[in-house]
Amino acid sequence: AELVLIPAGEFTMGHNSGYDTLPVRRVNLPAFYIDKYEVTNKHYKRFIDATGYKVPWSQDPAVAAYVWDWQKRMYPEGKGDDPVVLVSWDDANAFCTWAGKRIPTEAEWEKATRGPKGKPYPWGSEWAKGKANTAESGLKQTAPMGNFKEDVSEYGVHDLAGNVSEWVEEWFAPYPGNPMTSYEERNKYRVLRGGSWDYAHSIAN
C-alpha cells in the first residue's frame, strides 16, 4: 500500500465542539508514515490467505451486505476496492503486524487528517455536503478507496472524514486536562476516529 510521510512538528489537537475533544492544545510529534488509502478488501484478503486468519463476519442482518463468504474466504462481490469492515481492533492489529506496520496513535491520525492548524475537516473549516461519504452523501454504502476526491487532507491522505471509521491505538479516556474528571467507560473501549457512510457528518472530524 502507498504510504504518506507526515512531517515532524506541532499541530493543533482537539476542538471545542465536543466534551471528549477538550482541551484544544498544541502537540509535537516526530515524523511518521500513514497509509494513503484505507485498507481494502483486496488487501485484507492477501492477509487472510497468507495467514489463515478468520474472515470478516457477523450475524447482524444489518451488515449482511458486507459479510464475507466464510467457506470461499472471499469478500462480497464488487467490493474489492472498498475498505474492509467488520474487523475488530485486534483484527486490525493482526493485519498491521503481518504487513510490517502498526495502528496509528490518535494524535497521528488527527494530524494526518486536520493538518498542523487543526482544520475541522480534511479540506478546510466548513462542512460541505458531497465532499465525504457520510450519511448526507446519499450513497448509503461504502465506496471504493479514494472515490470521494475532495475528502483528502493537505498531506494527501484520503477518506478520513467519511466512508468508514478507523481504529487508532488508544483506549478511550478523557484527554489530559479535560474537565470531565469521572467517566465510567474510561479505558474500556478502543478509539475509532473519522466519519462513516452510515453516520451524519457530526462525527466526521
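For the single chain, residues carry numbers from 1 onward in sequence order.
No hydrogens or angles considered: a donor-acceptor pair under 3.5 Å links the side chains of S196 and D198. Donor-acceptor pairing under 3.5 Å is recorded for the side chains of Y53 and D91.
Sorted by first and then second residue, the salt bridge (Lys or Arg N to Asp or Glu O under 4.0 Å) pairs with a member in residues 130-143 read K131-E150; sequence neighbours excluded. Among residues at least two apart or in separate chains, ring pair (Phe, Tyr, Trp, His ring centres under 6.0 Å) pairs with a member in residues 140-162 are Y37-H158.
Using cut-offs of 30° and 60° for the angle between ring planes, the Y75 and W68 rings count as perpendicular. In this structure, W98 and F47 have tilted ring planes: the angle between them lies in the 30° to 60° band. Taking the six-membered ring where the residue is Trp, H201 and Y121 present tilted rings, their angle falling between 30° and 60°.
The backbone N or O of A161 sits less than 3.5 Å from a side-chain atom of D151, completing a donor-acceptor pair. Judged purely by atom type and a 3.5 angstrom limit, K111 uses its side chain to pair as donor or acceptor with the backbone of G9. A donor-acceptor distance shorter than 3.5 angstrom exists from the side chain of S165 to the backbone of G194, with no hydrogens or angles considered. Between the T21 side chain and the H15 main chain, a donor and an acceptor come within less than 3.5 Å of each other. Distance alone, capped at 3.5 Å, is enough to place a donor-acceptor pair between the R73 side chain and the I48 backbone. With hydrogens and angles disregarded, a donor-acceptor distance shorter than 3.5 Å links the side chain of S153 to the backbone of A112. In this structure a side-chain-to-backbone donor-acceptor pair under 3.5 Å is missing from W57 to L86. In terms of modelled atom types and a separation under 3.5 Å, the side chain of N178 and the main chain of L22 share a donor-acceptor contact. In this structure, the side chain of N133 does not engage the main chain of G162 through any donor-acceptor pair within 3.5 Å.
D159 and G146 get closest at one heavy-atom pair: OD2-N, 2.7 Å. Across all their heavy atoms, P23 and G177 have their closest contact at CD-C, 3.7 Å. S58 and V67 get closest at one heavy-atom pair: O-CG2, 3.5 Å. Across P83 and A143, no two heavy atoms sit closer than the pair CD-O, 3.2 Å. Heavy-atom minimum distance, W123 versus A128: CZ2-N, 4.1 Å. Taking all atoms of both residues into account, the shortest heavy-atom contact from E106 to Y175 is OE2-OH, 3.0 Å.
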Decide yes or no on side chain to side chain contact (heavy atoms under 4.5 Å, CB included) for E108 and I6, but give the supporting numbers first.
CA-CA 9 Å; E108 288 171 339; I6 309 300; over 6 Å; no
Take I34 and L3 through the side chain to side chain contact (heavy atoms under 4.5 Å, CB included) test and state the conclusion after the steps.
CA-CA 6 Å; I34 194 167; L3 297 172; over 6 Å; no
Please determine whether salt bridge (charged side-chain N to carboxylate O under 4.0 Å, His left out) holds for the pair E154 and R114, giving the CA-CA distance in whole Å, both sets of side-chain angles, and the decisive distance to 0.1 Å.
CA-CA 8 Å; E154 63 185 82; R114 303 177 67 199; over 6 Å; no
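Here OG1 of T142 is found 3.5 Å from NZ of K79. Values are rounded to the nearest 0.5 Å. Interatomic distance, D81 CG to H43 NE2, rounded to the nearest 0.5 Å: 8.0 Å. Remark: N41 CG to R46 CZ distance equals 12.0 Å, nearest 0.5 Å. The NZ atom of K149 lies 6.5 Å from the CG atom of N147; values are rounded to the nearest 0.5 Å. Here the NZ atom belonging to K42 is positioned 10.0 Å from the CG atom belonging to D82, to the nearest 0.5 angstrom. The distance from the CD1 atom of I103 to the CD atom of E169 is 6.0 Å, given to the nearest 0.5 Å.
With contacts defined as side-chain heavy-atom distances shorter than 4.5 Å, the pair F95/V87 does not qualify. Taking 4.5 Å as the limit, some side-chain heavy atom of V27 sits within range of a side-chain heavy atom of F11. Between L192 and W167, the closest side-chain pair of non-hydrogen atoms falls below 4.5 Å. Taking the side chain as every heavy atom from C-beta outward, R25 and M13 approach each other to under 4.5 Å. Looking at heavy atoms from C-beta onward, T40 lies out of side-chain contact with V84 at the 4.5 angstrom threshold. Using a 4.5 Å cut-off on side-chain heavy atoms (C-beta onward), V63 and V85 make no contact. At least one side-chain heavy atom of T12 sits less than 4.5 Å from a side-chain heavy atom of R26. When side chains are defined from C-beta on, W197 does not count as touching S137, because their heavy atoms never get closer than 4.5 Å.
T97 meets the side-chain contact (heavy atoms from CB on, under 4.5 Å) test with N93; sequence neighbours excluded. Scored by the side-chain contact (heavy atoms from CB on, under 4.5 Å) test, T113 finds W109, P122, L160 as partners (sequence neighbours excluded). The side-chain contact (heavy atoms from CB on, under 4.5 Å) search around A31 returns L5, A8, not counting sequence neighbours.
The local environment of CZ in F32 is crowded, with over 12 non-hydrogen atoms from other residues, nucleotides or ligands closer than 6.0 Å.
Connectivity analysis of hydrophobic side chains (ILVMFWY, heavy atoms under 4.5 Å, direct or indirect) links W171 to nothing; its cluster partners are none.
No chain of hydrophobic side-chain contacts below 4.5 Å, direct or via other Ile, Leu, Val, Met, Phe, Trp or Tyr residues, connects W89 to V168. Hydrophobic clustering (side-chain heavy atoms under 4.5 Å, transitive across Ile, Leu, Val, Met, Phe, Trp, Tyr) keeps L139 apart from I203. Hydrophobic cluster membership is shared by W70 and M74, with clusters built from Ile, Leu, Val, Met, Phe, Trp and Tyr side chains linked at under 4.5 angstrom.
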